[in-house]
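One structure is given here, and the rest of the page talks about it.
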Amino acid sequence: MTVELANTCETQDQDALIAQSPLSIRGLTVSYGEKPAVFSVDMTVKPGQMTAIIGPNGAGKSTMLKAALGIVPPVSGRVQVFGRALDEQRARIAYVPQRASVDWDFPTRVIDVVLMGLYRELGLLGRIKASHRAKAMDCLDRVGMGDFAERQIGQLSGGQQQRVFLARALAQGADLYLLDEPFAGVDAATEKAIISVLKSLREAGKTVVVVHHDLATVTEYFDNVFLINTRRVAEGTVAEAFTEATLQAAYGGRLATTQVDQLARA
Ligand code: ADP
Ligand code: MG
């Protein structure tokens, strides 16, 4: 009897958590071929916090974000955004893809990339007004790229491009921000600029989910971690879920024990 009661409470708590969660994923399996890239994964992102998705190369991190955005179709599973179907909530999600996946060979000015973030306000044939430009410039200023508005995006360094994509996400005015390895291969100035913008989003009550590769900065940057290696390995606060045991489980033999020791103590 007691057990049954406890279970009921737990289910209700869980339901409430899912309903409030900016991003809730249940039983997600995604497959590009025969072998699943993500298998039967549950994730409940906490509102107003910063969460890192961590795992080895090929663990399914990018695939999870893409499935959360409906870019890749799941074999099974359910995605809810702020307690509702993804389709109803798309405008509330901003996405900064992994940089290598964007090819900027064609000529586009930086300001135009940021204006793309305003497409919902602009509509398909909307005229760009001074107020739109001002908003886009403000977003560029927030990432320290205001002086580069008229440059071609292809002429910028990788780090500068990354900041412009973040500015585009800011322009969208979303409530949930999904970023895929925003710090990969960027200069120190860019890393600082990006983390400070992400922290200011959190202060404004927004939710930030970042695929993150640098284990050394996890404790400093994030509130929560989600460890994945095709299956979910661990999920929770950094103190709970970013431990030697969970890292070993996620990376297997691919991390030296001393490295894990250092990280767990950081
Ligand atoms: P991560 O971001 O953790 O490095 P991914 O989500 O990119 O991992 O990839 C997970 C697995 O799915 C890998 O084995 C990868 O090779 C495979 N994969 C990813 N994208 C595709 C694709 N478009 N077609 C086929 N296989 C893919
Ligand atoms: Mg990836």
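Whatever order the structure lists them in is the order used to number ligands and atoms, beginning at 1. In this text, all values refer to a predicted model and were calculated from it rather than measured experimentally.
Here K192 pairs with nothing under the side-chain contact (heavy atoms from CB on, under 4.5 Å) rule; sequence neighbours left out. Applying the ring pair (Phe, Tyr, Trp, His ring centres under 6.0 Å) test to F222 and every residue at least two apart in sequence or in another chain returns H212.
The local environment of CZ in R202 is crowded, with over 12 non-hydrogen atoms from other residues, nucleotides or ligands closer than 6.0 Å.
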Indicate every side-chain donor-acceptor pair of residues 76-87 with a distance under 3.5 Å to a residue at least two apart or in another chain.
residue: Q80; atom: NE2; partner: G83; partner atom: O; Å: 3.4
residue: R84; atom: NE; partner: E88; partner atom: OE1; Å: 2.9
residue: R84; atom: NH2; partner: E88; partner atom: OE1; Å: 3.1
residue: D87; atom: OD1; partner: R90; partner atom: NE; Å: 3.4
residue: D87; atom: OD1; partner: R90; partner atom: NH2; Å: 2.7

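The Mg ion (ligand 2) has an N, O or S atom of S62 under 2.8 Å away, backbone or side chain.
Around ligand 1, the residues contributing at least one heavy atom under 4.0 Å from the ligand are Y32, A37, P56, N57, G58, A59, G60, K61, S62, T63.
In summary, the side chains of T44 and R26 do present a donor paired with an acceptor at a separation below 3.5 Å, with no hydrogens or angles considered.
Hydrophobic clustering, with ILVMFWY side chains joined whenever heavy atoms are under 4.5 angstrom apart, keeps V72 apart from V75.
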